[in-house]
Structure formats: structure tokens, C-alpha cells
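Proteins get letters first, then strands, A, B, ... in listed order; numbering begins at 1 in each. Heavy-atom basis, side chains included; hydrogens, waters and symmetry copies ignored.
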Amino acid sequence: MPTGMRGQDWKPAADAAMDRYACGDDAAFAELYDLLEPRLTAFLLRRTRDEGRTDDLVQQTFMQMHCARRHFARGAEVMPWAFAIARRLLIDSVRKGGRERELLVDDANGDALERPCGRDKPDSALAKRQLARRIEEELERMPEAHREAFDLIQGDGLSVSEAAKVLAITPTAVKLRAHRAYAALRERLGSDVHELLGDAP
Amino acid sequence: MTTRDLKARVLEAAHGAPSATRGTSRVQAWLVLPSSVIVAASLFFALGGVQNGQGRPMWFYLASSLGWGAVAALSTWGALGRGASATWRTRSILVAVAIGTPAVLFAMMFAFATADPELTQVHPERLGLKCLGLTVAAATFPLLSLLAVRRGSDPVHPAATGAALGAACGASAGVMVEMWCPVSELRHVAFGHIAPIVLLALVGAALGSRVLGMRARGRR
């Protein structure tokens with residue numbers, strides 16, 4: 001199954017499927033859906049914490065991709081494009097709903113930035129959970145541009161180049177913004193940040 | 001809703017709303033170029049063509065026309081090209097095209113006027129309303145056509161893309177106007193030749209944010 005692809009293996013397959021779809025191979029859309037849907041759902045669910053809204057936004061993202069398939073450039077990467085569309089639709093839906101920023105809200109069921117810690121002792125797991133929560137709080141206070149770059153790389157696992165395409169800025173600007181966010185976190189929360197997040201981008 | 005239900009809904013919705021493929025879009029995009037040239041050439045010859053632009057030294061006529069042509073080509077490449085990226089140019093490049101195109105063109109005309117001040121003595125009384133109108137008239141067709149061809153294509157910065165397209169179309173139309181207009185006085189150049197590019201960039205930004213963007217729709 002395509003959804004079972006590990007690591008980065010699925011990306012060339014998704015790019016090829018989108019390329020075929022842009023050329024008129026309608027059957028490629030189902031394949032593309034299987035490859036992208038889990039990533040898009042995770043990307044949107046992390047920000048909405050609402051399965052109903054996430055489903056709606058995933059559906060709208062795929063419909064926009066379908067309507068705009070003619071604009072997909074040969075040899076382009078589909079994931080940054082899909083994430084950019086999903087991000088645009090999410091921003092629009094938040095604005096339309098008149099809601100304040102609801103991205104990255106605290107969640108009692110687990111924090112987005114928290115890494116799997118199955119082998120940790122309960123005390124350690126609790127400390128990590130608390131640190132992750134503090135990171136979320138600190139991220140809320142940062143400039144949106146820094147937070148977005150940091151979040152796409154750390155939270156969604158995008159490369160610097162992919163995040164640059166989602167945000168339509170240069171990779172250097174993404175690195176700078178993410179690094180500033182990371183530096184601010186380390187300044188406020190100390191070196192524990194490094195343990196949870198790893199090296200700065 | 002299960003993942004399978006959602007997939008079925010998405011595929012059904014896509015099946016029920018056919019969309020154009022890359023081949024169709026490419027044909028449309030390529031049709032814009034000759035159509036725009038025909039529209040601009042028709043206006044040019046209808047208003048007197050090259051004869052109307054006489055009165056300036058040949059070196060200036062050639063240098064200014066080639067200079068405008070080079071800037072217009074660069075601007076068009078900056079606004080329309082995207083390499084192998086699905087998210088078009090970065091915002092900084094598009095803004096640079098929108099702001100830089102009129103700025104570079106005015107700087108070029110200022111340099112010519114400084115090099116040969118006598119050039120500015122030909123019809124200095126003309127404000128440039130005809131040139132402004134002609135530039136806007138020649139640029140409107142390609143701008144609207146490109147916006148239509150690219151509708152719903154930009155999820156990131158549709159206003160910046162629209163502004164860059166407006167500036168590129170204005171600069172391209174300006175090549176024809178530069179060949180047609182005999183006046184090189186700087187106020188005339190600023191009002192009749194540069195201002196319409198700025199105006200088209202602003203109109204492009206306004207239309208781009210409405211036409212080029214991908215908007216959320218109601219729940220299905």
C-alpha cells in the first residue's frame with residue numbers, strides 16, 4: 001500500500017502521480033490521495049484539533065488540487081504545493097469563522113511536538129510533556145513568521161527547502177526564521193529544548 | 001467519517017467537476033502572446049506607427065526601445081516563470097518585479113535625458129495622457145488574459161503575483177508606446193509612461209488577490 005511507504009520513499013511516487021494527473025490520467029488521483037491524505041490530515045489536525053474541520057479541509061485541499069491540476073509544473077514537488085493549499089484554506093477558514101488564532105493549542109491528549117517516549121520512565125515522560133507544553137506556550141508568543149517556519153520543520157517534518165516552497169520564501173529566510181525561533185526557545189527554556197527537539201535547523 | 005468515506009467523497013466530487021489538464025492550459029497560455037502582440041500592433045499602426053515617433057536621434061530611438069524591450073522581457077520572465085516549482089516565485093522576487101520594473105525604466109530614461117538634455121526639448125508641453133491611455137489599453141488584454149489563464153492557481157501570494165503580472169504587461173505595452181511617442185521630457189515620461197505601469201501593478205494586485213487565489217468554499 002502506498003500509505004505504508006516509509007521515510008521519503010513516497011515523495012517521488014506522489015510527484016509522479018500528480019504529474020500524470022496534471023496530464024489527464026484521472027486514475028492517478030486515487031493514488032495521489034492515498035499518498036498525501038495521511039500527511040495532510042496530520043498537518044491539519046495538528047492545527048485544528050477538530051476531526052470534522054480537518055476532514056472538510058482535506059476534502060477542500062484535494063478539490064483545489066483537482067481544479068488547479070493544469071497549473072502543476074512538470075518536475076515540481078507536490079507535497080509543498082498541497083501543504084501550501086491546505087495552509088491557505090486553513091487560514092481562510094479561521095478568518096471566516098471569526099476565530100482568533102487556534103493553531104497549536106494546548107491539548108491534554110498529547111502535544112504535537114512531543115516525540116514518542118515509550119521507553120521513558122513515567123517521571124521523564126511527564127517532564128517531557130510539560131516541556132512540550134511550555135514550548136507550545138512560548139511559540140504562541142513568537143512572531144507568526146518565526147513560528148510557522150519552526151513548526152513546518154519541527155512539527156511537520158518538512159525539509160528547509162520544502163518549507164520554503166510552502167511559505168514562498170527563500171530557504172535562507174526559512175533557516176533564519178526557524179533558527180530565531182529555536183534560539184528564543186533555548187533562551188527562555190534552557191538547554192532542555194535541545195533534548196526534546198534536537199539540533200537547530 | 002472514515003478515511004474510506006472521505007476518499008469516496010473526494011473522488012466523487014472530483015469526478016463530478018471536470019477540470020482542465022496541463023495541455024489545455026498550455027495552449028491557452030501560448031495563445032495570449034500572439035493575441036497580445038496583435039492587439040498592441042493594431043493600436044500602434046492605427047495611431048501612426050513609427051512615423052509618429054520621429055524627431056528623436058536614431059541612437060536614442062534604438063537605445064530606448066531596446067532598453068524598454070530588455071526590461072520588459074526580464075520583468076515578464078520574473079512574473080511568469082517559475083522553474084520547477086508548483087508554488088511559483090517567492091514573494092520577494094514578485095515584489096521586486098512589481099516595484100523594480102517602473103523604477104528601472106524611469107532610471108534608464110533619466111540617464112538618457114541627462115546624457116543628451118536636448119532630447120527633453122521636443123514637445124515638453126505634452127503631459128502624456130495619450131501615452132498613459134495607450135499603455136493601459138495595450139496592457140489590459142494580456143493582463144486580463146493571463147489572470148484568466150492562471151485563475152485559482154496561487155495558494156501563497158496571489159496579490160504579489162498579480163502585481164508582478166501587471167507591471168510586466170505594462171512594461172511590455174510600454175515598448176510599443178516608447179517606439180510611438182516622440183516625447184522624452186521627464187515629467188511626460190513619469191506621467192505617460194511610468195505611471196501606467198504602477199497603475200497596472202496596483203490593478204494586478206487587486207485583481208490577483210481575487211482571481212488568482214485559492215479560496216475556501218462552503219462545506220460539501
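Shown here is B:Trp77, whose CH2 atom has no more than 12 heavy atoms of other residues, nucleotides or ligands within 6.0 Å.
A salt bridge links A:Asp19 to B:Arg22: one of the charged nitrogens lies within less than 4.0 Å of a carboxylate oxygen. Ion pairing of B:Arg9 with A:Asp55 is absent here, as no side-chain N (NZ or NE/NH1/NH2) approaches a carboxylate O to less than 4.0 Å.
For chain A, the option among B:Gly152, B:Ala17, B:Gly23 with the highest count of heavy-atom pairs below 4.5 Å is B:Ala17. Of the listed residues A:Ala68, A:Ala86, A:Ala22, the one with more heavy-atom pairs under 4.5 angstrom with chain B than any other is A:Ala22.
A distance of 12.5 Å separates CD1 of A:Ile169 from CD1 of B:Ile93, quoted to the nearest 0.5 Å. Rounding to the nearest 0.5 angstrom, the gap separating the NZ atom in B:Lys7 from the CG atom in A:Asp34 is 3.5 Å. The structure places NE2 of A:His71 at 10.0 Å from CG of B:Asp154, a figure rounded to the nearest 0.5 Å. Atom-to-atom distance recorded for A:Met65:CE and B:Ser19:OG is 11.5 Å, nearest 0.5 angstrom.
Looking at every heavy atom in both residues, A:Ala84 comes nearest to B:Val156 through CB-CG2, 3.9 Å. Closest approach of A:Ile85 to B:Met214, counting heavy atoms only: CG1-SD, 3.4 Å. Nearest heavy atoms, B:Thr21 versus A:Gly24: CG2-CA, 3.6 Å. When all heavy atoms of B:Thr90 and A:Thr170 are compared, the pair lying nearest together is CG2-N, 4.2 Å. Heavy atoms only, all atoms of each residue included: B:Leu6 and A:Gln59 are closest at CD1-CB, 4.1 Å. Contact record, A:Arg69 with B:Ala20: CG-O, 3.5 Å, taken as the closest heavy-atom pair.
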